[in-house]
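Report on one structure; see the data block that follows.
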Amino acid sequence: QVQLVESGGGLVQAGGSLRLSCSASRRTFSSFTMGWFRQAPGKEREFVSDISWSDGGTNYADSVKGRFTISRDNAENTVYLQMNSLKPEDTAVYYCVASYSPYGGRAVREYDYWGQGTQVTVSS
C-alpha cells in the first residue's frame with residue numbers, strides 16, 4: 001500500500017515553467033519505479049515520463065523531450081517533474097504513478113498506484 005500526493009500544478013503562460021512534486025509513502029518509495037501521466041479533456045491518458053528505482057534511468061514521451069525533466073529524492077520520498085517551455089498542448093491533469101517493477105513503461109496497466117492528479121493549464 002502506498003499513497004501518492006501531487007502538488008505544484010497551476011496556471012502559467014506559454015513559455016513558462018512549473019515544477020510538479022509527488023510525495024509517497026516512505027517505507028516503499030525507494031523500491032518503486034515512479035512516473036507521470038497526463039490526461040487532457042477529451043483525450044486518452046498519456047505517458048509523460050518515468051524514472052527507475054533500480055538504476056535511476058529515465059524515459060520521456062517524444063512530445064516533452066528537451067523540455068521536461070524527471071528526478072527523484074529517495075530520502076525525501078519525492079519525485080519531481082520540472083516542466084519548461086510549456087505549451088498550450090501541455091494543458092492536462094497530471095498524475096503521479098508508481099510501479100513495483102524495477103522498470104516502468106508507457107502503458108497505464110504497468111502501474112500499480114495512482115495519485116489524484118494536479119491540474120496544469122497553459123494559456124496562450
For S85, all residues meeting side-chain hydrogen bond (donor to acceptor under 3.5 Å, both in side chains), sequence neighbours excluded: none
Test side-chain hydrogen bond (donor to acceptor under 3.5 Å, both in side chains) applied to Q39 - qualifying residues, sequence neighbours left out: R45
Partner of V120 under side-chain contact (heavy atoms from CB on, under 4.5 Å), chosen from L20, T91, L81, V93: L20
Sequence neighbours excluded, every pair satisfying salt bridge (charged side-chain N to carboxylate O under 4.0 Å, His left out) that has a member inside residues 109-123: none
Q13 atom CD, neighbour heavy-atom count above 12 within 6.0 Å: no
Disulfide (SG to SG under 2.5 Å): pairs with one or both residues in residues 55-88, sequence neighbours excluded: none
For K65, side-chain hydrogen bond (donor to acceptor under 3.5 Å, both in side chains) partners two or more places apart: D62
Distance in Å, N59 CG paired with S52 OG, rounded so as to fall on 0.5 Å steps: 9.0 Å
Considering all heavy atoms, the nearest S49-I70 contact: OG-CG2, 3.2 Å
Verify same cluster id: L86, W36 (apolar side-chain graph, 4.5 Å): yes
Any residue meeting side-chain contact (heavy atoms from CB on, under 4.5 Å) with V64, in chain and number order, not counting sequence neighbours: R38, V48, Y60, A61, R67, F68
Under 3.5 Å: donor-acceptor pair, side chain of T118, backbone of G9: yes
Heavy-atom closest contact (E46 atom, S63 atom, distance): OE2-OG, 4.0 Å
All pairs passing ring pair (Phe, Tyr, Trp, His ring centres under 6.0 Å) where residues 72-102 contributes a residue, at least two apart: F32-Y100, Y100-Y113
Residue pair D73 / T78, side-chain donor-acceptor N/O under 3.5 Å: no
CD (Q116) with more than 12 external heavy atoms under 6.0 Å: no
F37/W114 aromatic ring centres below 6.0 Å: yes
Gap between atom OG of S23 and atom CD of Q3 - 0.5 Å precision: 11.5 Å
CG-CG distance between L18 and N84, expressed to the nearest 0.5 angstrom: 9.5 Å
Trace of the side chain to side chain contact (heavy atoms under 4.5 Å, CB included) decision for S99 with M34: CA-CA 6 Å; S99 173; M34 305 296 296; over 6 Å; no
V122-M83 co-clustered via ILVMFWY side chain contacts under 4.5 Å: yes
Pairs touching residues 79-124 that satisfy disulfide (SG to SG under 2.5 Å), sequence neighbours left out: C22-C96
Least distance between heavy atoms, D50 atom then G105 atom: OD2-N, 3.1 Å
Of all pairs that satisfy disulfide (SG to SG under 2.5 Å), the ones with a partner from residues 41-71, not counting sequence neighbours: none
Set of side-chain hydrogen bond (donor to acceptor under 3.5 Å, both in side chains) partners for T121, sequence neighbours left out: Q119
Where I51 and G56 come nearest, the two heavy atoms and their spacing: CG1-O, 3.7 Å
